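Below is one structure, written out as structure tokens, with a few remarks after it.
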Amino acid sequence: MRLSRYFLPLLKEVPSEAQIVSHQLMLRAGMIRQSSAGIYSWLPLGFRVLRRVEQIVREEMNAAGAHEILMPAIQPAELWQESGRYEDYGKEMLRITDRHERPMLYGPTHEEVVTDIFRRSVRSYRDLPVNLYQIQWKFRDEIRPRFGVMRGREFLMKDNYSFDLDLAGAMRSYDNMFMAYVRTFRRMDLTAIPMRASSGAIGGDMSHEFQVLAATGESQVYYDVAFEEFDFLAAVADEATVEHLKGLYAATDEEHDSASCPVPAERLRSGRGIEVGQIFYFGTKYSKPMGATVAGPDGQEVPVEMGCYGIGISRLAGALIEVFHDDAGIRWPESVAPFRLGIINLRPGDAACDALVADLEGKLARAGVEVLIDDRDESPGAKFATMDLIGLPWQAIVGPRGVKQGVVELKNRASGERQELSPEALLGRMTA
Ligand code: 5CA
């Protein structure tokens, strides 16, 4: 991709409406634009990140045995009247009336819709467990949308729903998702601490929130220092790990009580957290009122045991920046970066520079490496600043002096390390 032909509307000034660094950087780097309060458009660079985050989540869900579906954004009110949540949900629910005066709503979550699909399709315990997920836009009319995509009104969520015959099965599903979450966040280089949480509007008996520590996090969190000693990025995500993590104390504000906290003061840490995911076990809360039953081994109809599991895909784009940035801009981990490599052509119009850049472009494209080439007619300083701002993991600098000597400069955005190497060596490094 050539920057001269790309749609990357950068901002020079820090936008005054943005209070936290991820929101500022997403606006400055041309990733998003606000449409109305808490509602954003994703521009090409931001959309690439959103898609990469989504793809990691999708791969880990598939690997964990969940099946992808897509439910409608617009739902009939009837289903929510059946579950008993229609009135309770209050003003956060965007209520709509269609031309036939039927009450509809823009889905803030999908327990009712998925339970309806299940009850119309599954009859026997032999067909369990079932685990269905989707990646879909939600709408919650938050009273105070803020921090850009971190607390939006419209936001992209991965949500899945498990159906089991009994409690033991539901616990296996819960732990299976817990494990998938450890794997998912690890692939994004994130340490997301699982914490006991209250289950809020979703309801239920057991819930964990996955919190990424960051100074700008919305939640106050408390946790055993053992979480700092545990290497999330190197851990094997197996059942033993799940048991270990579930056994350690960590809780959000609402759940934490210093009087009954089992962790001695010297081992208790507190900080701010960004909730990037939450999982719930809620048993028969929806299956009972909505009549989602299966015939058990003895032929008796029993309501299924359910759980649900959410990941804030659009929130993660912001959370990643909160964790991975410096004064110059974003520092994307490779797994979610919009492009792997940025090539700066210091002298567009110089035949030798142009030829080398074009050669690298062709070879990298054939090798499947995603590259953004800064071929604009700008000063070197402006080009370096842009590359640092948008945060691609690798930068290759091609200039007339280097080209004469047969070298380009490669910079690692995260560490700042630079080295000179031949174009062939660069290709080798990037395609390895
Ligand atoms: N039905 C369940 C999950 S299946 C559910 O709705 N869970 S949730 O309410 O906890 O949301 C799941 C995740 O979506 C949260 O962990 C958070 O990362 C993200 N999320 C929730 N509200 C917002 C919001 N207003 N803006 C951005 N992301 C949000």
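Given the structure is predicted, the values throughout are model-derived calculations rather than measurements. In listed order, ligands and their atoms are each counted from 1.
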message: Please list the nearest protein heavy atom to atom 20 (N) of ligand 1 with its residue and the distance rounded to 0.1 Å.
response: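 Answer for atom 20 (N) of ligand 1: Phe155 CE1, 3.5 Å.
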
task: Quick one: look up the protein heavy atom nearest atom 12 (C) of ligand 1 and list residue, atom name and how far away it is.
output: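 I find the closest protein heavy atom is Met157 CE, 3.6 Å.
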
- request: With heavy atoms only and a cut-off of under 4.0 Å, state how Tyr309 meets ligand 1: side chain, backbone, both or neither.
  value: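 Backbone only.
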
query: Of the listed options (Gly310, Ala319, Cys308, Gly277), which comes nearest to atom 2 (C) of ligand 1 when hydrogens are ignored and any heavy atom counts?
result: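 Heavy atom nearest to atom 2 (C) of ligand 1 belongs to Cys308.
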
Less than 4.0 Å is my threshold; does some heavy atom of [X] fall inside it relative to ligand 1?
X      : value
Leu156 : no
Gly152 : yes
Glu111 : yes
Phe210 : no

- request: Please check if the side chain of Ser335 supplies one atom and the backbone of Arg187 the other of a donor-acceptor pair under 3.5 Å.
  value: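 Such a contact is found between Ser335 side chain and Arg187 backbone.
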
Can you sort out which atoms of ligand 1 are near [X], meaning under 4.0 Å from one of its heavy atoms?
X      : value
Arg140 : 5 (C), 6 (O), 9 (O), 21 (C), 22 (N)
Val276 : 16 (O), 18 (O)
Glu142 : 25 (N)
Val149 : 27 (C)
Gly312 : 13 (C), 14 (O), 18 (O), 19 (C)

Scan side-chain atoms only and decide if [X] and [Y] contain a donor-acceptor pair under the 3.5 Å cut-off.
X      : Y      : value
Arg52  : Gln55  : no
Tyr222 : Glu255 : no
His256 : Tyr223 : no
Thr293 : Glu301 : yes
Ser173 : Asn176 : no

- request: Tell me, with the steps shown, if Ile321 and His23 meet side chain to side chain contact (heavy atoms under 4.5 Å, CB included).
  value: CA-CA 9 Å; Ile321 297 175; His23 190 192; over 6 Å; no

field: Name of the residue among Phe118, Tyr286, Tyr125 meeting ring pair (Phe, Tyr, Trp, His ring centres under 6.0 Å) with Phe163
entry: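 Passing option: Phe118.
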
